[in-house]
Amino acid sequence: MGVAGLAVLGMTATLAGAQTVEVKEKPPLYRYVSYWMVPLAHWAELGKDNAADNQKVLAQALADGALVGYGDDENQVHAAEAFTHDNWWQASSIMGLMKVLEASHAGGGSSSPLLFSSTRHWDQIYISRFYNWKAGSWKGAYGYSGSYKLKPDAPDADDAIRMLSSFYVPVFEKMLADGIVVEYEIDREMIHTTDSRAQLHFSFVMPSAEGLDEFRASLGAALDENSLIGPAFGSMMVNFTPQADFVKVNATYK
């Protein structure tokens, strides 16, 4: 048995001692995200452009069934080389993502003069089988996401997510039922370089700023009750401190 196999056994044994439940995987959810680094002087204008483009392309795709969700984010606490804004949409198939991307390009969504002012741009596709949301629209909500790098000897991203979901999904489902979050997902990068491990992403949308404190308190209480989760998580990650993004969100879910 290789090192990765031993890591899986160690992880499973640790989780077995924690309070976990069996969680069933859902059909895959795909999320396309287009990241931009835009000068501060253009932020207000970009917000107006996003609202217009969302209604022109994404709202129609949601109504037609091509998408299950869409939105845009403004990074509230960003590092010097981090994105300032992003646009995203979710679908139950890659085909759905690409059709909307083609429609956006055809409608001029990627040729806005404001986007030409961007100093950096990149895209990513994420895939999740552990997620949920409340149908509706939220303007000026708050989002938080954490990205974690897997250690070289850790299980692959899908196996790591399956094991961690047995603890985290029930916690997030309770937050959803209590109204602390309106959407959550545990996913991984679908596209990454051949010499890197796929990253794990935990992503949440809270309906208001108050939800941020409630989210931290609820998650902290759950971790305190399950002291083995922290070591299990840390055994797979390069470090326990994630690359974290804190954003202002406009989101619509079907």
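Worth saying up front: this structure is predicted, and the values here are computed from it rather than measured.
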Counting only N and O atoms by type, is there a donor-acceptor contact under 3.5 Å from the side chain of Asn250 to the main-chain atoms of Gly140?
yes
Within this structure, what is the CE-OH distance for the pair Met190 and Tyr30, rounded to the nearest 0.5 Å?
5.5 Å
Distance, nearest 0.5 Å, that separates CG of Leu67 from NZ of Lys99:
11.5 Å
When you measure from the side chain of Trp89 to the backbone N and O of Leu97, does any donor-acceptor pair fall under 3.5 Å?
yes
Per the side-chain hydrogen bond (donor to acceptor under 3.5 Å, both in side chains) rule, which among Asp86, Asn87, Asp123 passes with Ser34?
Asp123
Please state whether the rings of Trp138 and Tyr253 are parallel, tilted or perpendicular, taking 30° and 60° as the class boundaries.
tilted
In Å and rounded to the nearest 0.5 Å, what is the CH2 to NE2 distance from Trp36 to His85?
12.0 Å
Could you report the tightest heavy-atom contact between Gly69 and Leu62, atom names first, then the distance?
N-CD1, 3.5 Å
Check whether any side-chain heavy atom of Phe83 sits under 4.5 Å from a side-chain heavy atom of Val247, and report yes or no.
yes
Path from Met95 to Val33 over hydrophobic side-chain contacts below 4.5 Å:
no
Ignoring hydrogens and angles, write down the donor-acceptor pairs under 3.5 Å from the side chains of residues 127-137, residues two or more places apart or on other chains.
{"from": "Ser128", "atom 1": "OG", "to": "Phe130", "atom 2": "N", "distance (Å)": "3.2"}
{"from": "Ser128", "atom 1": "OG", "to": "Phe130", "atom 2": "O", "distance (Å)": "3.0"}
{"from": "Ser128", "atom 1": "OG", "to": "Ile186", "atom 2": "O", "distance (Å)": "2.9"}
{"from": "Arg129", "atom 1": "NH1", "to": "Lys26", "atom 2": "O", "distance (Å)": "3.4"}
{"from": "Tyr131", "atom 1": "OH", "to": "Pro27", "atom 2": "O", "distance (Å)": "2.6"}
{"from": "Asn132", "atom 1": "ND2", "to": "Glu173", "atom 2": "OE1", "distance (Å)": "3.4"}
{"from": "Asn132", "atom 1": "ND2", "to": "Glu173", "atom 2": "OE2", "distance (Å)": "3.0"}
{"from": "Trp133", "atom 1": "NE1", "to": "Lys254", "atom 2": "O", "distance (Å)": "2.9"}
{"from": "Lys134", "atom 1": "NZ", "to": "Leu176", "atom 2": "O", "distance (Å)": "2.9"}
{"from": "Ser137", "atom 1": "OG", "to": "Thr252", "atom 2": "OG1", "distance (Å)": "2.9"}

Does the distance from a Lys or Arg side-chain N to an Asp or Glu carboxylate O, for Asp213 and Arg216, drop under 4.0 Å?
no
Looking at NZ of Lys24 and CZ of Arg162, how far apart are the two atoms once the value is rounded to the nearest 0.5 Å?
15.5 Å
Are Ile180 and Phe246 linked, directly or through other ILVMFWY residues, by side chains that come within less than 4.5 angstrom of each other?
yes
Please confirm whether Phe167 and Phe233 have ring centers closer than 6.0 angstrom.
no
Testing the basics here: between Gly96 and Ser93, what is the closest heavy-atom pair and its distance to 0.1 Å?
N-OG, 3.0 Å
Is the closest side-chain heavy-atom distance between Met98 and Ile125 below 4.5 Å?
yes
Criterion side-chain contact (heavy atoms from CB on, under 4.5 Å) on Asp158 and Arg188, from CA distance to verdict
CA-CA 8 Å; Asp158 287 329; Arg188 64 168 174 82; 2.7 Å; yes
Taking C-beta and beyond as the side chain, do Glu185 and Phe172 meet within less than 4.5 Å on heavy atoms?
no
Do the non-hydrogen side-chain atoms of Glu183 and Gln90 ever get within less than 4.5 Å of each other?
yes
Start with the C-alpha distance between Tyr184 and Met175, add both sets of side-chain angles, then the distance that settles side-chain contact (heavy atoms from CB on, under 4.5 Å), and finish with yes or no.
CA-CA 9 Å; Tyr184 77 84; Met175 291 186 191; over 6 Å; no
Closest heavy-atom pair, Leu228 versus Pro231, reported as atoms and distance to 0.1 Å, is O-CD, 3.3 Å
How close do Gln199 and Ser147 get, counting heavy atoms only, and between which atoms?
OE1-CB, 3.3 Å
State, to 0.1 Å, how close Ala91 and Ala66 come at their nearest heavy-atom pair, and which atoms those are.
CB-O, 3.5 Å
Working note: Asp245 + Asp73, criterion side-chain contact (heavy atoms from CB on, under 4.5 Å); need CA distance, chi angles, decisive distance, verdict.
CA-CA 10 Å; Asp245 295 312; Asp73 303 331; over 6 Å; no
Scanning both residues in full, the closest heavy-atom pair of Pro170 with Ser165 reads CD-O, 3.6 Å
Answer yes or no: is there a side-chain heavy-atom contact under 4.5 Å between Tyr168 and Ile229?
yes
Aromatic rings Trp122 and Tyr35: how do their planes relate, parallel, tilted or perpendicular, breaks at 30° and 60°?
parallel
Taking salt bridge (charged side-chain N to carboxylate O under 4.0 Å, His left out) as the test, write out the residues that go with Asp178, two or more places apart.
Lys174
To the nearest 0.5 Å, what is the distance between OH on Tyr32 and OG on Ser104?
8.5 Å
Enter the distance from Phe204:CZ to Leu219:CG here, rounded to the nearest 0.5 Å.
7.0 Å
